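Computed from a predicted structure; not experimentally measured. Convention: sequence-line order gives letters A, B, ...; per-chain numbering from 1. Just so it is clear, the values below take in all heavy atoms, side chains as well, and ignore hydrogens, waters and symmetry mates.
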Amino acid sequence: MAKQKKPQRPKARRPRGFEDRPANILRAEWRLVQSAYAVYDSYGFEPLQTPAFEFADVLGKFLPDEDRPNTGVFALRDDDEQWLSLRYDLTAPLARYVAENFDALAKPFRRYQSGSVYRNEKPGPGRFREFVQCDADSVGAASSAADAEMIMIAADVMKAAGLTDGQYAIRVNNRKLLDGILEQSGVPNTDAGAEQRLKVLRAIDKLDRLGEDGVEALLGEGRKDDSGDYTEGAKLSASGIKAVLGFTVASDPDRGKTIANLEKLVGQSGRGNEGCQELTDIDALLNATGFGPDRVGFDTSIVRGLGYYTGPVFEAELLADIKDKKGRPVRIGSIGGGGRYDDLVSRFRGQPVPATGFSFGVSRFLSALERMDVMLSETQAPVMICAFDRNLMSEYFKMAAELRAHDIRAEVFVGSGNITKQMKYADRRGVKLAVLMGSDEYDAQTVTLKDLVLGAEMAKAISSNEEWKSSRPAQSTISRIDFVSEIKKALDA
RNA sequence: GCCGCCUUAGCUCAGUUGGUUAGAGCGCCGGUUUGUGGAACCGGAGGUCCUUGGUUCGAGACCAAGAGGCGGUACCA
């Protein structure tokens with residue numbers, strides 16, 4: 001007899017960095033996004049949705065090619081040989097949209113958007129290759145008022161998510177300040193110094209993880225980490241390193257004092273003074289609208305790793321209730337941020353188009369909220385109408401429709417199996433109320449209502465199966481006519 | 001990309017010096033119970049021991065390469 005070959009079945013599996021998100025996660029995410037939308041809406045922003053794919057050259061200056069086909073972005077060739085890429089954020093597509101529809105849009109154009117973005121990078125804990133971002137941006141406004149507004153929005157989104165003041169902080173800095181400091185340390189504020197400036201930014205971005213010593217090494221010659229990997233440094237002079245490190249600790253809980261400190265540090269640098277002036281303007285608007293230092297602070301140690309920011313930058317950080325040794329709230333970490341990016345839209349057009357925005361990662365924000373035990377209300381499982389007697393299916397569907405008409409989730413059991421199976425199903429679904437109507441009840445125009453939550457509670461006192469079966473805990477008979485109001489009563493109880 | 005650790009049932013894991021038919025707990029399915037969830041008891045299904053090659057009379061175990069997973073680090077326009 002020939003060897004029986006096993007059928008070649010595909011293995012049910014999922015690429016790494018791409019997540020399935022079940023009901024409880026999705027519902028929480030929807031609520032979070034809806035809360036953010038409500039804030040964006042209240043400030044007068046309008047929704048926009050753009051596609052997942054864009055032309056590769058629209059997304060950035062790096063074209064996927066034979067040498068570097070897929071670094072960072074997912075890309076494929078369309079049937080006309082043009083490169084398409086999945087968007088890696090929502091900002092670049094916005095820049096494209098504004099540039100494409102420039103003349104038709106009233107400026108400043110202010111929109112909000114959320115959706116999946118894709119990064120072809122190594123995933124890690126809390127890092128995925130597909131994740132949902134939720135953004136608001138303002139395009140065409142050069143004034144610091146637009147930046148101040150984005151900062152207020154960020155703070156209000158924190159509040160709308162259920163956080164109380166003190167559980168979060170928006171930390172604001174300005175790229176122009178660092179440009180000024182570096183200028184004075186011999187790093188020219190031109191393209192020639194761009195690479196060095198980026199290295200400095202990335203070094204500062206690692207302050208909380210590597211500490212001052214590690215960052216000092218990265219600002220200078222370079223640093224070898226524990227696994228033996230070497231990272232080349234920014235090669236600043238000793239005085240440059242000192243100036244940069246001094247800058248990162250120049251902030252004070254008082255915003256006004258921070259500005260005073262910074263004015264001394266930037267000295268004669270024109271760029272630096274511009275930065276100070278912008279912070280002063282932002283401070284004035286925050287003060288006028290009551291955004292105190294408990295919600296928004298100036299913090300020179302945050303820079304954001306991205307290269308495209310040109311002015312004010314900020315991060316939204318969650319603070320756990322636990323205090324550290326110095327009595328300050330412990331940082332859980334950055335869950336979002338934003339800033340001014342004046343060159344992103346002008347890339348497509350000859351003229352300058354200033355822009356500023358705010359963005360947060362939905363799932364990262366959500367898991368941070370969970371760690372902080374911010375209660376996210378749960379959706380009630382549906383009322384379960386058991387298919388006791390298959391001849392009564394139309395009556396069951398009628399009852400379910402009556403409940404739905406009163407905004408009560410209801411489900412008729414459409415699977416197979418006897419009542420035992422149906423009760424097990426209801427139990428597993430977390431159903432609170434089960435409706436039982438067999439021919440006995442139907443003839444009497446009554447309904448048997450069972451409270452499964454209460455029943456489970458009562459079951460703890462019952463050990464023998466006979467007693468369990470005969471007692472039929474937490475069950476009541478109600479009239480068919482009062483069915484909806486009785487269920488409403490039972491659900492509210 | 002670089003460094004380290006790991007891979008046996010759906011999950012968590014055991015598996016002796018290399019020796020017959022690879023086990024446990026939990027979970028799942030069925031029954032006791034087709035008008036009732038839990039508990040209890042009884043029964044059942046479920047395995048390419050990650051893959052390929054090598055050593056050996058004999059490999060889940062030893063060796064090599066590869067794949068996948070996890071963690072660190074770098075990159076992230």
* Show the numbers, then the answer: is there a salt bridge (charged side-chain N to carboxylate O under 4.0 Å, His left out) between Asp137(A) and Arg111(A)? => CA-CA 6 Å; Asp137(A) 293 86; Arg111(A) 72 89 242 236; 2.3 Å; yes
Do you know which two heavy atoms are closest between [X] and [Y], and how far apart they sit?
X	Y	answer
Arg364(A)	Ser334(A)	CD-O, 3.9 Å
Ile181(A)	Val244(A)	CG2-N, 4.4 Å
Arg390(A)	Gly417(A)	NH2-O, 3.4 Å
Gly220(A)	Ile241(A)	CA-CD1, 3.7 Å

Report which part of the nucleic acid [X] touches: base, sugar-phosphate, or nothing (heavy-atom distance under 4.0 Å, all strands).
X	result
Lys460(A)	nothing
Glu457(A)	nothing
Tyr425(A)	nothing
Asp451(A)	base
Gln475(A)	base

Side chain to side chain contact (heavy atoms under 4.5 Å, CB included) with [X]: which residues, sequence neighbours excluded?
X	result
Ser346(A)	Asp343(A)
Asp78(A)	Asp80(A), Leu84(A)
Ser479(A)	Ile481(A), Asp482(A)
Asp427(A)	none

* Asked: Is the count of non-hydrogen atoms from other residues, nucleotides or ligands lying under 6.0 Å from Tyr442(A) atom OH greater than 12?
  ->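 Count not over threshold, so no.
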* Asked: More than 12 foreign heavy atoms under 6.0 Å from NZ of Lys107(A): is that the case here?
  ->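 For Lys107(A), atom NZ is crowded (more than 12 foreign heavy atoms under 6.0 Å).
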For atom [atom1] of [X] and atom [atom2] of [N], their distance in whole Å:
X	N	atom1	atom2	value
Arg129(A)	C75(B)	CZ	P	20 Å
Phe74(A)	C76(B)	CZ	P	17 Å
Arg14(A)	G10(B)	CZ	C1'	15 Å
Leu452(A)	G37(B)	CG	C1'	6 Å
Phe413(A)	U34(B)	CZ	P	16 Å
Arg127(A)	C75(B)	CZ	P	11 Å
Lys122(A)	U73(B)	NZ	P	9 Å
Glu121(A)	C2(B)	CD	P	17 Å

* Glu130(A) and Arg21(A): salt bridge (charged side-chain N to carboxylate O under 4.0 Å, His left out), yes or no, with the steps? -> CA-CA 12 Å; Glu130(A) 178 189 38; Arg21(A) 309 210 296 296; 5.2 Å; no
Determine the interatomic distance between [atom1] on [N] and the same-named atom on [M]; round to the nearest Å.
N	M	atom1	answer
U51(B)	U33(B)	P	45 Å
A14(B)	G47(B)	C1'	15 Å
A59(B)	U17(B)	C1'	14 Å
C63(B)	U21(B)	C1'	28 Å
C28(B)	C2(B)	P	44 Å
A64(B)	G1(B)	P	22 Å

* Counting only side-chain N and O atoms of Arg209(A), is one of them less than 4.0 Å from OP1 or OP2 of U73(B)? ->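 Yes, within the criterion.
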* To do: Check whether any side-chain nitrogen or oxygen of Trp468(A) sits under 4.0 Å from OP1 or OP2 of G37(B), and answer yes or no.
  =>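 For G37(B), OP1 or OP2 has a side-chain N or O of Trp468(A) closer than 4.0 Å.
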Donor-acceptor pairs under 3.5 Å, side chain of residues 90-101 of chain A to any protein atom, not counting sequence neighbours: which ones?
| from | atom 1 | to | atom 2 | distance (Å) |
| --- | --- | --- | --- | --- |
| Arg96(A) | NE | Glu100(A) | OE1 | 3.1 |
| Arg96(A) | NH1 | Glu54(A) | OE1 | 3.0 |
| Arg96(A) | NH1 | Glu54(A) | OE2 | 2.6 |
| Arg96(A) | NH2 | Glu100(A) | OE1 | 3.4 |
| Asn101(A) | ND2 | Tyr97(A) | O | 2.8 |

* Mutual orientation of the aromatic rings belonging to Tyr308(A) and Tyr341(A) [parallel < 30°, tilted 30-60°, perpendicular > 60°] ->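 Because their plane-to-plane angle is over 60°, the rings of Tyr308(A) and Tyr341(A) count as perpendicular.
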* **Contiguous pairing runs of three or more, Watson-Crick or G-U under 3.5 Å, that involve RNA chain B** =>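 RNA chain B forms these stems: B:1-7 with B:67-73, B:10-13 with B:23-26, B:28-32 with B:40-44, B:50-54 with B:62-66.
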Report, one pair per line, the protein and nucleotides 26-30 of chain B atoms (nitrogen or oxygen only) whose separation is under 3.5 Å.
| from | atom 1 | to | atom 2 | distance (Å) |
| --- | --- | --- | --- | --- |
| C28(B) | OP1 | Arg428(A) | NH2 | 2.8 |
| G30(B) | OP1 | Lys421(A) | NZ | 3.0 |

* RNA chain B: Arg119(A) or Pro15(A), which has the more 5' nearest nucleotide? ->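 By nearest-heavy-atom nucleotide position, the 5'-most residue is Pro15(A).
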* Given RNA chain B, 5'-ward residue of the pair Lys206(A) and Met423(A), judged by closest heavy atom ->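 So the residue in question is Met423(A).
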* Nucleic acid contacts - residues 357-365 of chain A versus RNA chain B, non-hydrogen atoms under 4.0 Å ->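 Listed by number, there are none.
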* To do: May I ask you to list the residues of residues 131-138 of chain A, by number, that have any heavy atom positioned under 4.0 Å from an atom of RNA chain B?
  =>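 RNA chain B contact set from residues 131-138 of chain A: none.
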* **Tyr40(A) side-chain N/O to Val157(A) backbone N/O, donor-acceptor pair under 3.5 Å** =>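 No: the side chain of Tyr40(A) does not pair with the backbone of Val157(A).
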* Asked: Yes or no on salt bridge (charged side-chain N to carboxylate O under 4.0 Å, His left out) for Glu216(A) and Arg223(A), after CA distance, side-chain angles and deciding distance?
  -> CA-CA 9 Å; Glu216(A) 192 173 344; Arg223(A) 175 178 179 272; over 6 Å; no
* Output every pair passing salt bridge (Lys or Arg N to Asp or Glu O under 4.0 Å) with a member in residues 428-440 of chain A, not counting sequence neighbours, ordered by first then second residue. =>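 Salt bridge (Lys or Arg N to Asp or Glu O under 4.0 Å) check on residues 428-440 of chain A returns Glu411(A)-Arg429(A), Lys432(A)-Asp451(A).
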Show me the protein contacts with nucleotides 7-9 of chain B, counting only N or O atoms at under 3.5 Å.
none

* **Contacts of Arg87(A) that satisfy salt bridge (Lys or Arg N to Asp or Glu O under 4.0 Å) - sequence neighbours left out** =>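 Here no residue qualifies.
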